[in-house]
Structure formats: C-alpha cells, structure tokens
Amino acid sequence: MVLFQPHRDGRNMASYDIAAIEAKWQDRWEAAALARVGEESDRPKFYNLQMYPYPSGELHMGHLRNYTYTDLLSRYKTMRGYNVLAPMGWDSFGLPAENAAIKTGIHPRDFTESRIVKMKEQLRRLGNVYDWDREVACHRPDYYRWTQWLFIRFFNEGLAYKKDAPVNWCPQDQTVLANEQVINGECERCGSVVIKRNLSQWFFKITDYAQRLLDDLDMLDAWPDRVRTMQRNWIGRSEGAQFSMAVTERPGISIDVYTTRPDTSFGMTFVVLAPEHPLVTDLTVGTEYEEPVAAFVAQVSKVSEVDRLAGSEDKRGLFLGVHATNPVNGAQMPIYIADYVLMGYGTGAIMAVPGQDQRDWDFATEHGIDIIRTVEPPPDFDGEAYTGDGVAINSDFLNGLDMAEAKAKIIDWFEEQGTGERTVQFRLRDWLISRQRYWGCPIPIVNCASCGAVPVPDDQLPVLLPDVDNYKPEGKSPLAAVDSFVNTTCPSCGGPATRETDTMDTFVDSSWYFLRYTDARNETEPFGRANADYWMAIDQYIGGVEHAILHLLYARFFTKVLHDLGHVSVEEPFSALFTQGMIVKDGAKMSKSKGNVVSPDRYYERYGADAIRLYELFIGPATDDAIWNDNGVEGTSRFLDRIWRMGTGDLGTLVERDVTAADNEIVKVVHRTVKKVTKDIDRFAFNTAVAALMECSNALASWMRSDDGGNRAVFADVYPMMLKLLAPMAPHMTHELWERIGHSTILATVPWPEWDEALVTVASVTLVVQVNGKVRDRIEVPVGISDDDATEAALASPKIQAILAGAEPRRVIARPPKIVNVVI
RNA sequence: GCGGACGUAGCCGAAUUUGGUAUAGGCGCCAGACUUAGGAUCUGGUGUGCGAAAGCACAUGUGGGUUCGAGUCCCACCGUCCGCACCA
C-alpha cells in the first residue's frame with residue numbers, strides 16, 4: 001500500500017493547511033501563557049502529572065499516547081473550571097547518557113541538554129501545553145543541590161546510613177542495585193545476571209516506614225488494585241513469633257528463629273541455618289565438619305541468585321554435627337545449613353517442620369529426618385506437607401485447637417517462659433541508593449579520619465559533579481579518579497578528608513520532583529511549604545505500570561519523611577493513579593532497541609497532530625496494550641475532515657426554517673453526546689468518547705445532507721458544542737474553527753458544555769417484546785409506562801398475537817420500559 | 001506451583017448504571033455515484049446457515065448449571081497475558 005502520496009483535491013481539507021494552522025495555534029497558546037498558573041486562584045486546583053520522562057530525544061507513537069492523555073486531561077480540566085497545574089521536566093541523570101559518553105566522548109551534560117531541546121520541540125508539535133516556567137531537570141545543579149540538601153536531612157534523622165553488606169552487583173553496568181531493581185535475579189536495566197558482593201554502601205531506611213507504607217495503601221482507592229497488591233506483596237508483612245533454642249553441645253550459644261507457624265512447634269524435627277549465618281563458623285570450627293561446611297558455603301556464595309533458585313527442588317544442605325533443644329518438648333534436633341534458608345529474611349535461621357512445610361518436607365525426605373504431623377489434614381488430603389488450617393495433633397497442650405487458637409496460646413506460652421515473643425517481619429529491605437557511576441547526583445558526604453562521615457554544610461551545596469577524563473566505571477565511581485574532587489577538608493574539624501565518590505540512584509531524584517514543580521524556581525529551599533500544600537496531593541498521576549513498585553514506593557516513602565520533617569502536609573503524594581497500556585507493534589512493545597518504532601514525523605505532515613492525537617485516544621481502552629495500525633490515523637483524519645467541512649460550509653446545506661422533528665432530534669443527539677463524552681473522559685474511556693463523537697458527527701452530516709438540509713439556527717447552537725467536546729482531543733483544528741465561526745476568545749478557555757438532562761432522557765423508547773426469551777417484536781412506548789400497560793401493549797402486538805394463536809401466556813415478566821418477556 | 005485479569009465479526013474494539021435489543025465506532029472488504037482518472041468524496045452493503053422476501057435458526061474460547069431471560073452470575077476445562085515464586 002502506498003501511504004504517503006501528496007494529497008489531491010477534496011481529500012484532507014484543501015482549505016486546511018495543517019502546518020500553518022498547527023504552528024499558528026501553538027504560537028497562540030504560548031503567547032497566551034495558557035498553562036502558566038499561580039497559587040492564587042478562585043478556582044479549585046487540579047494537579048495533573050505524568051511521570052517525567054528520561055530525555056531520550058526521539059518520541060515515537062508509543063510515547064505520544066501518554067502525552068496525549070495528559071494534555072487532554074489538562075485541557076479538559078481547565079475547561080471544567082480548575083486551576084490546572086501541568087508541569088514537565090526531565091529524569092535526566094542516568095545510564096544512557098553516560099554509556100553514550102563512554103562510546104563517543106561527548107559530555108553527558110551536552111548529550112542530555114541537546115535531547116531535552118529536541119523533546120520539547122516534539123511535545124510542542126503534538127500540541128501539548130505545559131507550564132514551562134516550572135520545568136525541572138534533575139541533572140542541573142539548581143535541582144540536585146536540593147536532592148543533596150534532602151539527603152542531608154535524611155542523614156541527620158538517621159534515615160540515611162552506610163553499612164557493609166552483601167549487595168546486588170550488576171557486572172554489565174558495573175554498579176550495585178537496589179533489591180527493587182533486581183528482577184528474577186537479573187538487572188532491571190540490562191538483564192545481566194546479578195551477583196552478590198560485600199560492599200560498604202549507602203542505604204535509606206525505608207523499613208522504618210514499612211508499616212505506614214502498607215497501611216496507607218488502603219487510602220489509595222483511586223489506584224489500580226493490582227499496583228496496590230504488588231506493593232503489599234513487596235512490603236510483605238507477616239506476623240509470627242521469634243524464639244531462641246539452646247545448642248546442646250555448645251553451652252552459651254543459642255539460635256534465634258522466626259516463624260509464622262509457632263503453632264507447629266511440636267512438629268519441629270530439625271533446625272536450619274542460612275549458609276551466611278554468623279554462627280556457622282562458631283559451631284563447626286575445629287570439628288570434622290569445618291572443612292566440608294566451609295566448602296559448601298564457598299560454593300553457595302559463588303552461585304548467582306538465578307542459579308540458586310533454578311535448583312530449588314533439590315534441598316542442598318549439610319549437617320553441622322550439633323543439636324538444638326526444642327523449647328516446647330525438650331527434643332534433640334539436628335542443626336543443618338542449607339541454601340534454601342536466606343540470611344536476609346527473619347533471623348537467617350528456621351525451625352523446620354516437615355509435616356507442615358513443603359520445603360522442610362523435601363529436605364527431611366532427602367536427609368532421612370523424622371516427620372511429625374501436628375495439624376490434622378482433611379480426610380481426602382493426598383499431598384505431602386499439609387499447610388492448611390486444621391485441628392492440632394501431637395502437640396501436647398495445643399491438641400484440639402485450630403490454627404489461630406494454637407498460635408495465640410503457644411506465643412503466650414513462649415512469652416511466659418521468656419524464651420520467645422510475638423513479632424512482625426517485613427520482606428521489604430532498606431533501599432540501597434549509592435551507585436558506582438558518573439552521571440548522577442553526588443552524595444554530599446565527607447569522610448574524615450577523626451569525625452567520620454560528615455555532611456557537607458548547606459551553604460556549600462551543591463557538591464558539583466566534576467568533569468572527568470574517563471567515564472568508564474571500573475568497580476568504583478569515575479569520580480574516585482578526580483583528585484581535586486576527592487581531596488577536601490573536613491567541614492567539622494578542618495582536617496584533611498575525602499569526599500564520597502558514589503552518586504545516588506536516579507530514583508532518588510524522581511522521589512521528590514513533583515514537589516519541586518510546586519515551587520520550581522525557589523533558591524532558598526527545595527520548595528516552599530505553602531506552595532506544596534496548595535498543589536499537593538497530585539490529583540491525577542499517569543505513568544507506566546513498570547513503576548508499580550520502584551518509583552511509586554520510593555516517592556511515597558519520601559513524601560512521608562518530608563511530612564514528618566514538616567516540609568509538606570500530605571502523607572501520600574498521588575491521590576489517583578492511572579497506568580496506561582503500551583503501543584505494540586510486531587508483537588513487541590514499541591522501542592528503539594526492538595527496531596519497531598513508528599516515527600510520527602510522516603504522520604504530522606500527512607494528517608497533522610490532531611489526527612494523531614485522536615487516533616492515540618481511539619486506538620483502544622487506555623489501560624490496555626494496543627496494536628499499532630497504520631490505517632487507523634486515516635480513520636480519525638476522515639472524521640476531522642468532516643468536522644472541518646461542516647464548519648466551513650463545505651458539507652451539506654443549511655436553511656432558515658422553523659424547527660422540525662429532525663432538528664429536535666439532532667439537538668438531542670448532541671446533548672446525549674455531551675453527556676457521554678463527559679462521563680467517558682471522567683472514567684478514562686477515551687476510545688468510546690471518540691466513538692461517540694464520530695457517531696454524533698455522522699448524524700449531523702446526514703442531517704445536513706438530507707433533502708431538507710439542516711436548520712441553520714440549530715446548527716449554530718449545536719456545532720460549537722461539538723467543537724468544545726473535541727477541543728481537548730484535537731485542539732488545533734477546533735481552535736481554528738472556533739475562531740472562524742466568529743469567536744475572539746481562545747477555545748481552550750471557554751467553559752465545558754453542559755447537557756440538558758431533559759433533552760438527554762428520551763420521551764419514548766423501544767420496548768422489546770420477547771417470547772420465551774427470544775425477541776419477537778419492538779414497540780414504541782412512553783418511558784414512564786407501567787407494568788400493566790407494558791404487558792397490555794406487548795400482548796396487543798399483532799406479531800405476539802400470531803405466535804400466541806389464542807393461547808393464554810403462562811407467565812409475563814414486564815420490566816418496562818425496556819422489555820416484556822412472554823412465557824408460553 | 002500460587003494469585004489475578006482476560007477470551008465478542010476478517011482485524012482493533014462497544015455493550016457504563018442492576019443480568020434485559022449482542023456486535024456501537026473505526027479499519028478492511030464488496031457494489032454503486034461523481035469522474036479522463038480514484039487511493040478523494042458521497043451512497044448502500046458487510047456474523048453464519050436456510051430463504052425470492054418477510055422471516056426463521058444458530059453465534060460472545062469449550063462443556064455444564066442457575067434464571068422468564070446470561071457476553072455479563074456459578075462450576076469445570078482449554079488458551080492468552082500479568083504479578084509472585086525457597087520470605088520460614
């Protein structure tokens with residue numbers, strides 16, 4: 001198919017000069033400062049935000065979908081009477097610019113700035129309006145100064161700390177990663193298998209907020225359930241008990257274990273330590289077990305998490321030669337190490353109850369350990385370990401109790417004995433934020449031999465990112481090679497000291513950018529509280545579901561900390577969240593690396609920004625992935641074409657006349673459309689909103705093209721309503737038409753149309769008459785018809801009479817005014 | 001393995017409120033009009049089967065069920081997608 005031929009006469013609006021008219025209105029909106037807003041307004045505020053993008057330079061059709069949604073919403077809410085904040089900025093630190101620098105030698109700053117210029121042009125070309133006075137770019141010193149300032153507040157509160165720990169290391173990107181950035185043992189960015197390394201790293205103490213981050217999810221009822229579920233699972237709260245057990249052969253040594261099933265304690269037949277558990281060495285040193293155990297531990301440490309999980313059916317482990325005493329019955333139980341127990345969760349040691357836990361069952365079977373059931377399985381149970389609820393058996397004083405009762409009783413018993421207690425565990429770990437890479441925000445800490453880690457004083461911020469000769473990371477940050485950066489004096493004692501050379505995870509930058517938008521040019525603080533309190537929380541946040549955990553969890557954490565420190569009133573940043581679907585082509589997400597991008601350039605020339613926007617809205621349900629179809633823009637372009645010709649007198653005929661039935665009908669159609677489009681936009685059903693407008697324009701066109709033509713006065717009444725409905729979707733053409741039909745105000749500032757409910761509710765409707773559930777006739781009835789009247793009308797229908805053939809119906813179900821079902 | 005969502009014309013999809021006219025809208029396709037021409041525009045058609053037509057029957061992944069009535073609710077199965085996956 002030949003798609004992009006220059007158009008000839010007629011088609012695509014000879015009188016509509018796409019390039020000139022779109023440029024004209026983009027200039028007008030800018031000149032009118034359409035999206036520039038302040039904090040003083042008698043209108044209610046609406047903070048409309050899209051997740052700020054990494055400035056990649058080239059936008060494709062997949063990106064445009066999201067930008068279209070945001071701009072549609074800004075324009076719609078403005079017409080609905082809100083003071084709309086629609087800012088834009090750049091998540092401009094990060095690896096692509098740095099990797100490009102390694103390849104080409106171009107400074108990441110230059111690379112990034114040039115791409116920002118490009119992206120702004122492309123957003124303008126789409127017709128999007130933003131308050132550019134509030135633009136932020138996290139790589140610029142006037143932004144990261146405040147990222148550093150906030151880091152220091154976290155540090156002073158004990159919420160930022162450095163510790164030596166086994167951490168995730170991506171060998172490809174040469175940097176550590178947060179747990180959230182490791183997906184199935186692979187680097188979230190590049191897919192390399194992540195390995196564990198022991199390194200000293202900076203963490204944010206997000207675990208202090210685990211309970212609140214979990215609890216407050218309940219308030220976020222305008223978030224997708226699946227995102228809330230993912231966060232709940234990630235935080236991973238569990239309730240249980242922690243207790244300690246004496247090691248029989250080593251007086252004075254005891255092992256702490258955490259369990260969610262203390263009710264099964266009588267079924268415990270062995271104890272397992274994680275390979276990395278600190279007691280492993282103590283328990284085996286100088287024994288015959290020392291050497292094989294050390295070999296096992298060494299082997300496990302070399303294996304990546306992926307491989308460790310890959311063999312999870314086999315429960316590899318070794319006996320340590322020592323025993324523990326079961327505190328509930330004094331039983332002697334062997335102590336093992338095994339790689340299925342993780343050091344990072346709970347106490348790194350477990351009580352193993354093979355009767356009630358499948359992993360323990362597998363291990364016990366492989367190592368010939370006793371299995372005792374302590375919960376009665378149902379009679380038809382044919383599995384191995386039974387993990388369900390049931391009556392306690394073989395459990396002394398717990399016998400006969402159900403799971404919940406037994407749990408409560410045994411925990412009370414532990415607490416009375418002083419050997420254990422009720423505890424809560426979270427799966428969430430602290431957020432590892434340091435990165436051994438160049439293109440990020442420097443950590444504002446100075447290490448002094450006598451004073452330790454000292455924060456850089458506020459008046460010395462920002463700690464500027466120095467220029468470097470070599471961007472290539474080699475196990476440590478490229479900053480470490482810059483002596484003039486590293487060597488400094490201690491802000492506390494004035495002695496010689498060295499700077500931190502790691503930079504921050506770019507998710508730190510994006511954890512507060514939405515607050516900076518509220519007061520982006522503030523030079524004395526990250527943002528003023530009054531401004532933040534005026535705009536926050538964000539009324540609508542739009543972004544990809546891939547951030548369900550990462551960004552959205554971190555940003556919630558930051559907001560809570562800043563709330564606690566008195567910087568902002570809200571505790572949750574995003575009141576409503578919308579996660580849009582992707583654009584798919586050739587079976588894959590549209591992306592540069594997949595080589596399946598559709599560039600909008602040719603479409604801009606051929607069809608214009610409005611047709612592209614409209615197709616992005618029409619392509620399918622906003623939440624779902626949608627398959628790109630080259631012909632789709634053709635369809636929305638034809639629709640716009642009709643709208644244009646209608647407004648320019650190039651379609652049908654309009655006559656002066658008294659109002660006819662057809663005229664009245666068209667008014668109703670338009671009012672119904674106003675209602676439908678309004679409700680659809682409110683529920684993000686953009687595809688059906690566009691469909692409704694198409695239907696309406698089809699009706700309008702047939703009316704104007706009918707032999708009687710259209711009524712000029714009626715047209716003058718309803719056509720502008722159509723333009724208003726279309727204004728947020730196809731702003732350029734509608735603005736031009738609005739001006740041409742004689743308005744001097746800018747359409748974007750005109751109030752949204754209202755529908756007349758009396759015109760929407762129809763006086764008579766089609767009543768469906770069924771016989772035995774099958775449609776047999778349709779009759780026109782008044783809306784308010786009674787059950788009896790509807791029944792009578794249905795039975796009076798000649799078609800029904802014919803089917804009944806004189807017989808009496810057995811039953812008649814009347815649900816007027818929709819349906820009457822005659823049962824014979 | 002566990003949990004969740006979904007499955008509707010040739011394709012993308014609609015059916016919001018409470019179970020009540022299934023297939024709106026678009027793409028594509030077929031025929032016609034205008035035309036030197038059509039890939040513009042306009043008109044008509046377009047689930048399947050039978051029928052000249054009116055109409056009838058059958059169609060929402062498959063098989064059951066509830067109901068006067070099921071795309072919608074319930075059960076089982078098949079398929080697609082997503083999340084979680086040694087978290088004690």
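The chains referred to below are lettered A, B, ... by the order of the sequence lines, with proteins before strands, and numbering in each begins at 1.
- In this structure, the ring pair (Phe, Tyr, Trp, His ring centres under 6.0 Å) partners of A:Phe414, at least two apart in sequence or on a different chain, are A:Phe243.
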Practice task
Taking Watson-Crick and G-U wobble pairs with both distances under 3.5 Å, convert RNA chain B into its dot-bracket string, 5' to 3', dots for unpaired and | for cross-strand pairs.
Solution key: (((((((..(((.......[....)))((((((.......))))))((((....))))..(((((..]....))))))))))))....
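- Using a cutoff of 4.0 Å between basic side-chain nitrogens and carboxylate oxygens, A:Asp641 and A:Arg638 are not scored as salt-bridged.
- Rounding to whole angstrom units, CZ of residue A:Arg427 and P of B:G83 are separated by 14 Å.
- For residues 220-245 of chain A, proximity to RNA chain B is found at A:Arg226, A:Met230, A:Ser238, defined as any non-hydrogen atom under 4.0 angstrom from a strand atom.
- Contacts of A:Val341 with the nucleic acid, taken as non-hydrogen atoms under 4.0 Å apart, include base atoms.
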Completion exercise
The contact string for nucleotides 4-15 of chain B, one letter per nucleotide 5' to 3', using protein heavy atoms under 4.0 Å with B, S and - for base, sugar-phosphate only and none, comes out as --------SSSS
Residues 616-628 of chain A, side-chain donor-acceptor partners within the protein, below 3.5 Å, at least two apart:
residue, atom, partner, partner atom, Å
A:Asp625, OD1, A:Met582, N, 2.8
A:Trp628, NE1, A:Asp630, OD1, 3.0

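- Here A:Tyr340 pairs with A:Phe363 under the ring pair (Phe, Tyr, Trp, His ring centres under 6.0 Å) rule; sequence neighbours left out.
- Every residue meeting the side chain to side chain contact (heavy atoms under 4.5 Å, CB included) condition with A:Ile824, not counting sequence neighbours, appears here in chain and number order: A:Val771, A:Asn772, A:Ile803, A:Leu804, A:Pro809, A:Val822.
- Judged as a side chain to side chain donor-acceptor pair (under 3.5 Å), and not counting sequence neighbours, A:Trp223 has no contacts.
- Checked by distance alone, A:Asn631 brings no side-chain donor or acceptor within 3.5 Å of a matching partner on the base of B:C27.
- Side chain of A:Glu695, nearest nucleotide from B:C42, B:C56, B:G25: B:G25.
- Under the rule for a ring pair (Phe, Tyr, Trp, His ring centres under 6.0 Å), the partners of A:Tyr69 that lie at least two apart in sequence or sit in another chain are A:Phe686.
- Listed by chain and residue number, A:Phe381 satisfy the ring pair (Phe, Tyr, Trp, His ring centres under 6.0 Å) test with A:Tyr386 (two or more places apart in sequence, or in another chain).
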Determine all donor-acceptor pairs shorter than 3.5 Å in which one atom belongs to a side chain in residues 691-698 of chain A; sequence neighbours excluded.
residue, atom, partner, partner atom, Å
A:Ser697, OG, A:Met694, O, 3.2
A:Asn698, OD1, A:Arg642, NH2, 3.2
A:Asn698, ND2, A:Met694, O, 3.4

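- Pairs passing the salt bridge (Lys or Arg N to Asp or Glu O under 4.0 Å) check and including a residue from residues 263-277 of chain A, sequence neighbours excluded, read A:Arg261-A:Asp263, A:Glu276-A:Arg308.
- In this structure, A:Arg810 reaches neither bases nor backbone, as no heavy-atom distance under 4.0 Å exists between it and the strands shown.
- Counting non-hydrogen atoms under 4.0 angstrom, A:Asp360 reaches nothing in the nucleic acid.
- Heavy atoms of A:Gln770 sit under 4.0 angstrom from at least one base atom.
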